[in-house]
Amino acid sequence: MNKGKFLLLIGMLLTACCLKAQVWVADNGDGTYRNPIIHADYSDPDVIRVGDDYYMVASSFTCAPGIPVLHSKDLVNWKIINHVYPRLPLDRYDYPAHGQGSWAPAIRYHDGKYYVYFCTPQEGLFAAYTTDPAKEWTLKHVLHVSQWEDPCPLWDEDGKAYLVRSKLCGGPVYLHRMSEDGLSILDNGKIIYWDEKENPVLEGLKTMKRNGWYYILAPAGGVSTGWQTVLRSRNIEGPYESKKVLQEGNGVNGPHQGGFVDTQTGEWWFIHFQDKGVYGRIVHLQPGEWKNDWPVMGIDENGDGCGEPVLSYKKPNVGKIYPVESPQTSDEFNDSKLGLQWQWQAAGQSKWYSLTASKGALRLYAVSSPTEDGNLYYSGNLLLQKLPAPEFTSTVKMNVSHLQEGERAGLVMMGNNYSYLSVQQKGGKKQIVLSEGKGENCGYIPHEIKNADCPSNDVWLQVKVYPDATCQYSYSMDGTHFTTLDDRFEISKGQWIGAKVGLFCINPDVTDGKGFVDVDYFKVF
């Protein structure tokens, strides 16, 4: 057997093994891949290559830790390696601030450092930097200003630094001068492009320079219905001409906002998102090329310079074959830190949990959640992760022996509207309780739908997600025989994010409870 066939066989075997452990695998194991490469809500992705390594970042909004950092060797197989910040340095994010927080980050590499820039809608511009994306980042609040969004830096050959950004709701493109270290803004900026007729809702800006041309990649036309535009000019201050380079097709709506990156072998690829409702903004990979100093993304069958998305394609040529990987999901809670797949609904607090109080388990404490008798929309201590596939099942094993009167803990499918299956201590005994809730501004007390006795201290709770974006709950006292509840719930997306699944433990009272639950594992299959 020659070396090529041997490596292909190994790749197919790795894919087969990965399929048993993961619910969505993009690598087909035969030198091709399928889209999306990540069927999860990595919104507003940006990507760079440094040597043989690819790094991707995505929006986090109010969730913490914020801005996941993913790593790949081939642009198809990705793993979460870090987050840019553990929390935003602003008190308001100690509580859920739905739709706020970090929007549309840009990642760049300059002079031995990695930089990530992002804005929050009301607090302005932030920059983070590090010499190793897998280690700690330094976060700086560069400028407190409102209405900025989607910034991206560019260092020119002469060392001068610039920042482009848009404003809330899209539209004009602004250019600012920065200090050469990229950590200070030097002027109020100027509008260098604005054409609402040709490119309405222009946002998500990404900069690059090639062959003497300055480029600004920018989605236009709206999140779920738009396209990818590219602006170019010989002068960074303009004037800029524009061209549509990727439009919807093959059932992929609104293909835009992402990063255009080259491989070690000279190929070009575009990573972007597709808005898929409750599943969030899932990640696609498109082949790219250059024609007459314009980028083309996807497959341009009619030769007009504007491509359409592919559903399957040959993998990028990076010179080697790498193992199949997918972003993490299941967790046995055996480590000293939470898995990188987890995010809290607000800035995490040490009093919410422990990974050392019970060996091999996650202890969740009954945190005070008095708003609307425990409406989870207002609870920061929800430990959540993204939906990883169109169809999957999540199972959690908990010991509930230490729950106190009135406290509740369980498994939640979270969005603006939500449902959950919990164990509650009620009237001196434990019950399995199925509930639903809403995040309405006028308040909505969670509604109990049905309950059943819970005779065991060890309980298994399960939620199954169906391809029609509904979910259904089950429970068990032995981990083998499950009682499935008839009720099916429509899954609801959150504010600018898809739905999330995860864990909670609360006391719907003005004081923290005295009880807790120990979570043995959270499995996704």
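For the pair Arg165 and Tyr174, the distance from NZ or CZ to the six-membered ring centre is under 6.0 Å and the angle to the ring normal is within 45 degrees. In this structure, Lys140 forms no cation-pi arrangement with Phe126, as its terminal cationic atom is not both closer than 6.0 Å to the ring centre and no more than 45° off the ring axis. Taking the ring axis of Trp269 as reference, the NZ or CZ atom of Arg49 does not stay both within 45° of it and closer than 6.0 Å to the ring centre.
Between the side chains of Asn451 and Glu448, at least one donor N or O sits under 3.5 Å from an acceptor N or O. For the residue pair Asn507/Ser368, the side-chain donor-acceptor check at 3.5 Å is not satisfied. Between Gln343 and Ser60, the side chains place a donor N or O and an acceptor N or O closer than 3.5 Å (distance only, hydrogens not considered). Between the side chains of Thr395 and Tyr521, no donor N or O sits under 3.5 Å from an acceptor N or O. Side chain to side chain, Ser312 and Tyr33 fail the donor-acceptor criterion of an N or O pair below 3.5 Å. Side chain to side chain, Trp137 and Tyr115 fail the donor-acceptor criterion of an N or O pair below 3.5 Å. Counting only N and O atoms by type, the side chains of Tyr418 and Asn375 include a donor and acceptor under 3.5 Å apart. With 3.5 Å as the limit, one finds no donor-acceptor pair spanning the side chains of Asp275 and Ser224.
Between Tyr377 and His98, the two ring planes are parallel [angle under 30°; tilted spans 30° to 60°]. Between His272 and His284, the ring-plane angle classifies as parallel under the 30° and 60° cut-offs. Aromatic ring orientation, Phe273 versus His256: perpendicular (interplanar angle above 60°, classes split at 30° and 60°).
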Step by step, would you call Ile38 with Trp78 a side chain to side chain contact (heavy atoms under 4.5 Å, CB included)?
CA-CA 8 Å; Ile38 305 177; Trp78 293 88; 3.9 Å; yes
Full working for side-chain hydrogen bond (donor to acceptor under 3.5 Å, both in side chains) between Thr470 and Asp468:
CA-CA 6 Å; Thr470 63; Asp468 63 354; 2.6 Å; yes
Quick one: do Leu384 and Val412 satisfy side chain to side chain contact (heavy atoms under 4.5 Å, CB included)? Show the steps, please.
CA-CA 9 Å; Leu384 305 171; Val412 60; 3.9 Å; yes
Working note: Tyr353 + Trp344, criterion ring pair (Phe, Tyr, Trp, His ring centres under 6.0 Å); need CA distance, chi angles, decisive distance, verdict.
CA-CA 11 Å; Tyr353 74 104; Trp344 300 100; 5.3 Å; yes
Checking Glu198 against Lys244 for the salt bridge (Lys or Arg N to Asp or Glu O under 4.0 Å) test, could you report, in this order, the C-alpha distance in whole Å, the side-chain angles of both residues, the deciding distance, and whether it holds?
CA-CA 10 Å; Glu198 184 172 1; Lys244 182 189 294 187; over 6 Å; no
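Residues Leu411 and Tyr420 fail the side-chain proximity criterion, which asks for heavy atoms closer than 4.5 Å. A 4.5 Å side-chain heavy-atom check between Leu217 and Met297 finds at least one atom pair inside the cut-off. No side-chain heavy atom of Ser394 sits less than 4.5 Å from a side-chain heavy atom of Lys523.
Aromatic pair His176/Trp148: centroids less than 6.0 angstrom apart. Checked against a 6.0 Å centroid threshold, the rings of Tyr109 and Tyr114 count as neighbours. Between Trp342 and Phe522, a ring centre-to-centre spacing shorter than 6.0 Å is recorded.
Heavy-atom minimum distance, Phe118 versus Trp103: CB-O, 3.6 Å. Nearest heavy atom pair, residue Asn77 against residue Ser72, reads O-OG, 2.7 Å. For the residue pair Pro219 and Gly204, the shortest heavy atom distance occurs at CD-O, 3.5 Å. Between Val261 and Ile48, the shortest heavy-atom distance links the atoms CG2-C, 4.0 Å. Across all non-hydrogen atoms, the minimal contact from Val423 to Leu403 is O-CD1, 3.4 Å.
Residues satisfying the side chain to side chain donor-acceptor pair (under 3.5 Å) test with Gln472, not counting sequence neighbours, are Tyr466. Taking the side-chain contact (heavy atoms from CB on, under 4.5 Å) definition, one finds that Glu308 meets it with Gln247, sequence neighbours left out.
Paired with Tyr93 under the rule side-chain hydrogen bond (donor to acceptor under 3.5 Å, both in side chains), one option of Arg87, Glu123, Gln100 passes, and it is Glu123.
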